[in-house]
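Reading through the structure tokens given below for one structure.
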Amino acid sequence: MEETYIDTLDPEKLLQCPYDKNHQIRACRFPYHLIKCRKNHPDVANKLATCPFNARHQVPRAEISHHISSCDDKSCIEQDVVNQTRNLGQETLAESTWQCPPCDEDWDKDLWEQTSTPFVWGTANYCGNNSPASNIVMEHKSNLASGMRVPKSLPYVLPWKNNGNAQ
């Protein structure tokens with residue numbers, strides 16, 4: 001029994017393609033070959049059905065019900081289902097003891113206590129609120145050359161992101 005089990009798991013074992021009888025495929029490549037050969041032989045593919053327990057099993061449509069009742073892989077799946085249903089009854093969910101840690105953060109309070117001025121692109125503000133010059137009204141300086149202005153909005157399509165389409 002063990003020898004036949006090891007033999008079925010051998011990745012180098014040659015298997016016959018159900019779509020083309022001349023194809024001998026290594027077991028490790030068989031699933032990939034089935035997909036490729038199914039596309040190349042649609043007339044044969046329409047006559048075959050796939051086993052619900054093992055996609056490697058391609059059986060004539062007339063014989064699929066017999067194959068399903070006698071498929072070796074069916075017992076493995078049925079055993080998994082039985083084991084899962086047994087474990088469901090035995091498992092009891094433990095009540096969680098996790099508690100949320102205390103939070104000392106107050107973002108609203110931090111926002112009002114913030115002493116620095118917010119960053120605004122294209123402007124420079126060199127006076128902090130605590131300096132003696134903070135009472136002086138400062139003119140916002142632009143980093144752009146004279147005669148240039150900051151755009152009021154961005155264009156809908158950025159020139160460097162036009163997906164390679166030439167304009």
Side-chain angles (χ1 to χ4, degrees), residues 1-108 110-111 114 118-123 143-145 148-167:
M1 169 68 186
E2 182 145 340
E3 250 181 62
T4 59
Y5 181 70
I6 291 171
D7 190 39
T8 58
L9 296 179
D10 181 15
E12 299 300 318
K13 180 182 176 185
L14 291 178
L15 302 173
Q16 186 178 22
C17 173
Y19 299 104
D20 187 341
K21 302 300 180 191
N22 296 318
H23 293 173
Q24 294 292 317
I25 312 301
R26 290 183 303 146
C28 62
R29 298 294 306 160
F30 196 67
Y32 306 104
H33 177 81
L34 283 177
I35 293 168
K36 181 180 174 185
C37 225
R38 182 180 302 133
K39 290 178 184 175
N40 292 338
H41 301 282
D43 52 329
V44 179
N46 290 335
K47 297 176 184 173
L48 297 177
T50 304
C51 171
F53 305 113
N54 188 339
R56 294 178 179 205
H57 298 171
Q58 301 294 314
V59 184
R61 289 194 184 276
E63 299 173 16
I64 190 68
S65 59
H66 177 265
H67 174 81
I68 289 173
S69 63
S70 63
C71 182
D72 293 336
D73 294 323
K74 177 182 177 180
S75 61
C76 296
I77 292 177
E78 285 176 342
Q79 188 61 40
D80 286 346
V81 170
V82 168
N83 289 342
Q84 286 178 354
T85 55
R86 283 183 190 159
N87 290 342
L88 274 177
Q90 295 173 356
E91 290 179 12
T92 56
L93 297 175
E95 197 169 313
S96 175
T97 58
W98 183 85
Q99 293 181 353
C100 181
C103 181
D104 298 333
E105 293 180 348
D106 186 358
W107 291 6
D108 294 328
D110 291 347
L111 183 64
Q114 185 178 7
F119 173 78
V120 178
W121 179 259
T123 61
N143 295 330
L144 298 173
M148 299 287 289
R149 68 173 178 80
V150 177
K152 291 184 176 25
S153 66
L154 290 174
Y156 288 106
V157 178
L158 300 175
W160 59 88
K161 290 190 175 184
N162 65 358
N163 296 328
N165 298 337
Q167 292 182 355

With sequence neighbours excluded, tell me which residues meet side-chain hydrogen bond (donor to acceptor under 3.5 Å, both in side chains) with [X].
{"X": "Trp98", "result": "none"}
{"X": "Gln79", "result": "Asn83"}
{"X": "Thr50", "result": "Gln58"}

Minimum side-chain heavy-atom gap Leu48-Pro18 below 4.5 Å: yes
ring-ring contact (aromatic ring centres under 6.0 Å, His included) contacts in which one or both residues fall within residues 36-66, not counting sequence neighbours: His57-His67
Salt bridge (Lys or Arg N to Asp or Glu O under 4.0 Å) partners of Lys47, counting only residues at least two apart: none
Got a sec, which residues hit side-chain contact (heavy atoms from CB on, under 4.5 Å) with [X], two or more places apart in sequence or on another chain?
{"X": "Gln24", "answer": "Leu14, Gln16"}
{"X": "Pro52", "answer": "Ile68"}
{"X": "Glu12", "answer": "Asp10, Arg26"}

Atom pairs and distances, side-chain donor-acceptor, residues 29-39, under 3.5 Å, sequence neighbours left out:
| unit_1 | atom_1 | unit_2 | atom_2 | d |
| --- | --- | --- | --- | --- |
| His33 | NE2 | His23 | ND1 | 3.1 |
| Arg38 | NE | Tyr19 | OH | 3.0 |

Value rounded to 0.5 Å, distance of SG in Cys71 from CD1 in Ile77: 7.5 Å
Within 6.0 Å of CG in Asp72, more than 12 heavy atoms from elsewhere: no
